[in-house]
Amino acid sequence: MDRKLPDWLKESREAEKLIAWLKSPDCEVKEFSGQLFIKARYGNCFFFFDCLKENRKTDRNWCAVIHMPEYSLYEAEDLFLKPIGIPDDFGFPVREDLIPKLETQISRIGKKLIREQWDELLLKGGYTAVQMIPEISRVYIQLNADRFIKKGKRPEDLIYQPQFHFADMKWKFSDWMFLEYLSNPQRAAELFAQKWLLEKLPEISKKKICIGCIREEMEEMLKKTGTGPEASLPRSA
C-alpha cells in the first residue's frame, strides 16, 4: 500500500476497495460490510450518504467527506467508519474545527478589500446615503476625541478593523461553504469576504466614517495644544 496514504486509510480493512471506488468515475453506490453508501463529488471532495438515515446521530446531510488527493477525512460518523473498518482510536475534524482559521482569513481579506476596493463595494452594495452615513453630532465627536487623547492615544492609533464572525451573520457555515472551502480555501474565503462586506456595508461604513471624524478632530485638538505632528516640524526662516 502507498506509504503516502494517511494512517486511517492504511489501518482500514476496506482500504483497497474504498480507494478503487473513489477512483471509479461511474460507480456511485457501493456496499461495505453490508451497508450501502452513495458517493457524490464537489470540487476536490467526495461526500457520502448512507441508506440508513434513521440510525444517524447527527443532522448532517452526509456521513463522511474525503478531500482529495491526500484522502483527508472530515465529519466521519460511526455509520461510515465501522463498515469501512477504521479503528475506533482515530479522530476526525468537523467543520467547526475550521471556523477559527477561516474567520481570521475572511477578516484579513475583508480589510484588504475595504482598503483597496471600497468604491467598488459601495457600487455593488446599492445602499442609499442615509443607510451609509452615521447620525453623530459634533459634540459626540469632540467628546470621544478628547477621551482618546486623555488615554494617550494618537490619531494614527484609531484604525477601524472589522472582524468577521459567523455568529454575527444571518447565514451559517453551510454544506456548500464547507465543501467550497475544502476544495479551494483562498477562493472560498474571498467569496465569503465579499458576501460579508456587502451584507454589513452600512454598519461598516458608519463605523468607518465615525472613526475618521474622531481621528480628524483629534488632529485639530493636538494642533491647538502644540502636540500634534506639525508641532515637531522646523519652522521656515
Margin query: Quick check on the hydrophobic clustering: are Val29 and Val65 connected, directly or via other members, by side-chain heavy-atom contacts under 4.5 Å?
Written below: yes
Check: Sub-3.5 Å donor-acceptor pair from the side chain of Ser12 to the main-chain atoms of Ile84, do we have one?
Finding: yes
Are the ring centres of Tyr42 and Phe47 closer than 6.0 Å?
no
Exercise. Using a 4.5 Å cut-off on heavy atoms from C-beta on, say whether the side chain of Met177 contacts that of Lys195.
Key: yes
Those residues at least two apart in sequence (or on a different chain) that pass side-chain hydrogen bond (donor to acceptor under 3.5 Å, both in side chains) with Arg147 are Asn144
Quiz item: With a 4.0 Å cut-off, would you call Arg187 and Glu190 a salt bridge?
Solution: no
- Item | Ring geometry between Phe192 and Trp171 (parallel below 30°, tilted from 30 to 60°, perpendicular above 60°) | tilted
| said: Please determine whether side-chain contact (heavy atoms from CB on, under 4.5 Å) holds for the pair Ile86 and Leu73, giving the CA-CA distance in whole Å, both sets of side-chain angles, and the decisive distance to 0.1 Å. | reply: CA-CA 11 Å; Ile86 300 172; Leu73 184 57; 4.1 Å; yes
Q. Within the side chain of Ser107, is there an N or O that forms a donor-acceptor pair under 3.5 Å with the backbone of Gln163?
A. no
One should read off an interatomic distance between Leu197 CG and Ile204 CD1, to the nearest 0.5 angstrom, of 5.0 Å
- So Phe90 and Leu81, side-chain contact (heavy atoms from CB on, under 4.5 Å) or not? Walk me through it. CA-CA 10 Å; Phe90 282 99; Leu81 298 175; over 6 Å; no
Basic-acidic side-chain contact under 4.0 Å: Arg215, Asp157: no
Separation between CZ (Phe37) and SG (Cys63), nearest 0.5 Å, reads 5.0 Å
| message | Would you say that Leu18 contacts Lys30 through its side chain, given a criterion of any heavy-atom pair below 4.5 Å between the two side chains? | response | no
**Asked** For the residue pair Tyr74 and Phe178, does the interplanar ring angle fall in the parallel (under 30°), tilted (30 to 60°) or perpendicular (over 60°) class?
**Response** perpendicular
Go through it in stages, so that I can follow the logic: the residues are Lys17 and Glu31, the test is salt bridge (Lys or Arg N to Asp or Glu O under 4.0 Å), and I'd like the CA-CA distance, side-chain angles, deciding distance and then a yes or no. CA-CA 10 Å; Lys17 184 177 178 181; Glu31 178 268 331; 3.8 Å; yes
One should read off an interatomic distance between Met169 CE and Glu199 CD, to the nearest 0.5 angstrom, of 3.5 Å
Those residues at least two apart in sequence (or on a different chain) that pass side-chain hydrogen bond (donor to acceptor under 3.5 Å, both in side chains) with Arg138 are Glu217
Going through the distances and angles, do Ile149 and Thr225 end up as a side-chain contact (heavy atoms from CB on, under 4.5 Å)? CA-CA 11 Å; Ile149 289 173; Thr225 59; over 6 Å; no
In terms of hydrophobic clustering (I, L, V, M, F, W, Y; side-chain heavy atoms under 4.5 Å; direct or indirect links), are Phe49 and Leu36 co-clustered? yes
Taken in chain and number order and not counting sequence neighbours, the residues that satisfy side-chain contact (heavy atoms from CB on, under 4.5 Å) with Lys206 are Pro134
Taking the side chain as C-beta and beyond, is there a heavy-atom pair between Tyr160 and Ile114 under 4.5 Å? no
Next on the checklist: Run the side-chain contact (heavy atoms from CB on, under 4.5 Å) test on Ser33 and Glu14 for me, step by step, so that the C-alpha distance in whole Å, both residues' side-chain angles and the decisive distance to 0.1 Å come before the verdict.
Outcome noted: CA-CA 9 Å; Ser33 303; Glu14 297 278 18; 3.9 Å; yes
ring-ring contact (aromatic ring centres under 6.0 Å, His included) filter on Tyr181, not counting sequence neighbours, yields none
ask   = Strictly under 6.0 Å, is that where the ring centroids of Phe32 and Trp21 end up?
value = yes
Hits for side-chain hydrogen bond (donor to acceptor under 3.5 Å, both in side chains) against Lys207, two or more places apart or cross-chain, chain-then-number order -> Glu203
Practice problem: Using modelled atom types only, decide if a donor and an acceptor are shared between the side chain of Arg115 and the backbone of Gln117 within a distance under 3.5 Å. | Solution: no
Output for pair (Met218 CE, Ile141 CD1), nearest 0.5 Å, gives 13.0 Å
Report task. Look only at the side chain of Glu75 and the backbone of Arg95, and say whether a donor-acceptor pair between them is shorter than 3.5 Å. Result -> yes
Lys150 meets the side-chain hydrogen bond (donor to acceptor under 3.5 Å, both in side chains) criterion, sequence neighbours left out, with Asp146
Check your understanding: When the aromatic ring centroids of Phe164 and Trp196 are compared, is their separation below 6.0 Å?
Key -> yes
- Item | Side-chain donor or acceptor of Ser205 paired with backbone N/O of Leu201 under 3.5 Å | no
